[in-house]
A.B. asks: 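One structure coming up, written as structure tokens, with questions to follow.
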Amino acid sequence: VTVCNCLLNGLLKSNQLDCCWEIYDEMGRIGIFPNTYTFNILTRVLCRDGDANKVNVFLEKMDEEGFDPDVVTYNTLIDSYCRKGRMDDAFYMYKIMYRRGVPPDLVSYTTLMKGLCKGGRVKEAHQLFHRMVNRGFIPDIIAFNSLISGYCRQGKMQESRSLLHEMIQSGILPDGFTCRTLIEGYVNGGRFLYALNLIMELKRWGVLIPPDIYCYLIMALCQENRPNAALSLFRRVSQDGYNPSFEVYSELIGSFCKYDNSLQASLLKDEMVCKGHKPDLVTYRALIACFCRLGKSAEAESLMDNMVDSGLVPDSLICRALINGFCKEGDLDKAESLLTYFAEVFHLYDTESYNSLIQVFCEKGDVTKSFELQDKMLKLGFVPN
RNA sequence: CUUGUCAGGAC
């Protein structure tokens, strides 16, 4: 039976609900008697199917076979209703439990609290928390985290903080979940300094900060267009032995590019390569566009050469950035040779780049050159629009 | 071997 239960649970987790019933039938056929675990797993299967009537039918059948729903069964049902936002039904189950002599436990309360939080009823969740404590339950880390998360999602950070302290005072050390929830709360409100201070405080309490929190913060700072702040955090945590990831480097480089700090961006790119990460097309695109925008097209071109050496193929955005860059700098020969290069080597025919080059020739009154260009391009199979 | 802590799911 335990083997079957294990299998059923696996099927449930991989969302193969139909298979569950096949297994259940098969069990009957070969004479394996289901136990409470079996029924509880199947209850979950039905809950996920989303048919309330079927659940009731099944519970009756369970009853016929001599199994009374236990606290796990009820908690499963409560959770299912909570996830669907049907809080009335969830509380109804909670009342039924008492009536049937199955008293709710910590899990029941936590589940209900989470359901209330999800519907934005955090205040009521907190009241339920108090009621639970008054009934003699000792909240555990999950109970605290659920409520803290509810407050954080509403941006009620002062309440979250006071729960955090309540939690620590009751002898529970916050974990990675707690940390992550609170940090996300601050970041969503744009309060990065509070987030950083919280990390310091948690460290002082002896909480291990999960490394991906730093990653998250750095990326969030980048997306807020604060690459310098992101970089200084990055440097600080690198000293703690935190290994910078490909994603973090990419994000930092992109952010500095957007900030027109081409120097810092390219330093980071070199550092990234040294650490064994290969910048991708998006990163090169950002770098090249940034250099071109700042009138440093020659450097942009050598970046493109790096990129090609590393096995990446330039796209039309890169082509456009370079051609426009050289046009703006007045180096039309270079622009033209690049246009040829992209067409010949990469079969990249970017009409927009082509047009801007023609336009520059025409603006200079050099119509002859413009026609010569068209001849050359036609020979390469590059047709104007 | 079964229930609770970001999300738990798409036009």
Side-chain angles (χ1 to χ4, degrees), chain A residues 1-15 17 20 23-24 27 32-48 50 55 58-59 62 67-85 87 90 93-94 97 102-118 120 122 125-126 128-129 132 137-155 157 160 163-164 167 172-189 195 210 212-213 215-217 220:
Chain A
V1 130
T2 60
V3 173
C4 289
N5 288 343
C6 196
L7 178 57
L8 284 170
N9 192 33
L11 290 167
L12 168 68
K13 295 228 157 102
S14 58
N15 242 320
L17 305 185
C20 291
I23 297 294
Y24 177 59
M27 285 171 72
I32 297 174
F33 294 105
N35 61 14
T36 327
Y37 286 49
T38 319
F39 283 115
N40 285 336
I41 296 168
L42 290 172
T43 304
R44 277 195 91 187
V45 171
L46 281 172
C47 286
R48 187 149 326 164
V55 179
F58 183 73
L59 290 178
M62 202 172 143
F67 289 101
D68 289 328
D70 63 3
V71 68
V72 174
T73 322
Y74 284 112
N75 287 343
T76 303
L77 292 167
I78 290 176
D79 185 47
S80 167
Y81 284 130
C82 284
R83 286 171 131 81
K84 290 175 187 148
M87 291 313 293
M93 290 311 306
Y94 164 80
M97 291 176 79
V102 184
D105 64 2
L106 188 58
V107 174
S108 322
Y109 283 102
T110 308
T111 308
L112 285 167
M113 278 166 37
K114 191 196 131 190
L116 287 170
C117 289
K118 199 176 157 214
V122 189
H126 204 156
L128 188 61
F129 180 85
M132 173 185 97
F137 290 98
I138 314 284
D140 65 0
I141 191 156
I142 299 183
F144 275 109
N145 283 346
S146 304
L147 201 50
I148 289 175
S149 151
Y151 276 124
C152 285
R153 247 182 297 164
Q154 294 203 335
M157 297 311 292
S160 295
L163 272 164
L164 174 71
M167 173 176 171
I172 298 170
L173 194 64
D175 64 0
F177 268 111
T178 325
C179 182
R180 180 167 203 103
T181 307
L182 285 158
I183 296 297
E184 282 180 0
Y186 281 128
V187 167
N188 287 336
D212 61 321
I213 296 281
C215 173
Y216 168 76
L217 262 174

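These numbers come from a predicted model, not from an experiment. Each chain gets a letter, A, B and so on, in the order its sequence line appears, and its residues count up from 1.
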A.B. asks: Partners of A:Cys117 by side chain to side chain contact (heavy atoms under 4.5 Å, CB included), sequence neighbours excluded?
C.D. replies: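 Testing A:Cys117 for side chain to side chain contact (heavy atoms under 4.5 Å, CB included), a comparison that skips the adjacent residues, returns A:Val122, A:Ala125, A:Leu147.
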A.B. asks: Expressed as a whole number of Å, how far does the C1' atom of B:U5 sit from that of B:A10?
C.D. replies: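 Their C1' atoms lie roughly 25 Å apart.
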A.B. asks: For RNA chain B, what is the dot-bracket line, given that a base pair needs Watson-Crick (N1 to N3, plus N6-O4 or O6-N4) or G-U wobble (N1-O2 and O6-N3) geometry with both distances under 3.5 Å, and | means paired with another strand?
C.D. replies: ...........
A.B. asks: Can you sort out the partners of A:Tyr37 under side chain to side chain contact (heavy atoms under 4.5 Å, CB included), two or more places apart, ordered by chain and number?
C.D. replies: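 By the side chain to side chain contact (heavy atoms under 4.5 Å, CB included) rule, A:Tyr37 matches A:Asn5, A:Asn35.
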A.B. asks: Can you check each nucleotide of nucleotides 3-9 of chain B against protein heavy atoms at under 4.0 Å and return B for base, S for sugar-phosphate only, - for none, in 5' to 3' order?
C.D. replies: BBBSSB-
A.B. asks: Which value, in whole Å, describes the distance between the C1' atoms of nucleotides B:C6 and B:U2?
C.D. replies: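 Here B:C6 and B:U2 have their C1' atoms 24 Å from each other.
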A.B. asks: What residues, two or more places apart in sequence or in another chain, satisfy salt bridge (charged side-chain N to carboxylate O under 4.0 Å, His left out) together with A:Arg180?
C.D. replies: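 So A:Arg180 forms a salt bridge (charged side-chain N to carboxylate O under 4.0 Å, His left out) with A:Glu184, A:Asp212.
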A.B. asks: Of all residues at least two apart in sequence or in a different chain, which pass the side chain to side chain donor-acceptor pair (under 3.5 Å) check with A:Thr178?
C.D. replies: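 A:Thr178 satisfies side chain to side chain donor-acceptor pair (under 3.5 Å) with A:Asn145, A:Asp175 once adjacent residues are dropped.
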A.B. asks: Show me the donor-acceptor pairs within less than 3.5 Å that the side chains of residues 76-83 of chain A make with the rest of the protein, sequence neighbours left out.
C.D. replies:
from: A:Thr76; atom 1: OG1; to: A:Val72; atom 2: O; distance (Å): 2.7
from: A:Asp79; atom 1: OD1; to: A:Arg83; atom 2: NH1; distance (Å): 2.9
from: A:Asp79; atom 1: OD2; to: A:Arg83; atom 2: NH1; distance (Å): 2.7
from: A:Ser80; atom 1: OG; to: A:Lys84; atom 2: NZ; distance (Å): 3.3

A.B. asks: Expressed as a whole number of angstroms, how long is the span from A:Leu7:CG to B:U2:C1'?
C.D. replies: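 Result: 14 Å.
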A.B. asks: Of all residues at least two apart in sequence or in a different chain, which pass the side chain to side chain contact (heavy atoms under 4.5 Å, CB included) check with A:Thr73?
C.D. replies: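 A:Asn40, A:Thr43, A:Leu59, A:Met62, A:Pro69, A:Asp70.
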A.B. asks: Rounded to the Å, how far apart are A:Asp70 CG and B:C1 C1'?
C.D. replies: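 That distance rounds to 13 Å.
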A.B. asks: Can you say whether the rings of A:Phe39 and A:Phe58 are parallel (under 30°), tilted (30 to 60°) or perpendicular (over 60°)?
C.D. replies: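 Tilted, since the angle between the ring planes falls between 30° and 60°.
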A.B. asks: Of all residues at least two apart in sequence or in a different chain, which pass the side chain to side chain donor-acceptor pair (under 3.5 Å) check with A:Tyr216?
C.D. replies: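 Here no residue qualifies.
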A.B. asks: Please state how far atom OH in A:Tyr37 lies from atom P in B:U2, giving the value in whole angstrom units.
C.D. replies: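 Result: 7 Å.
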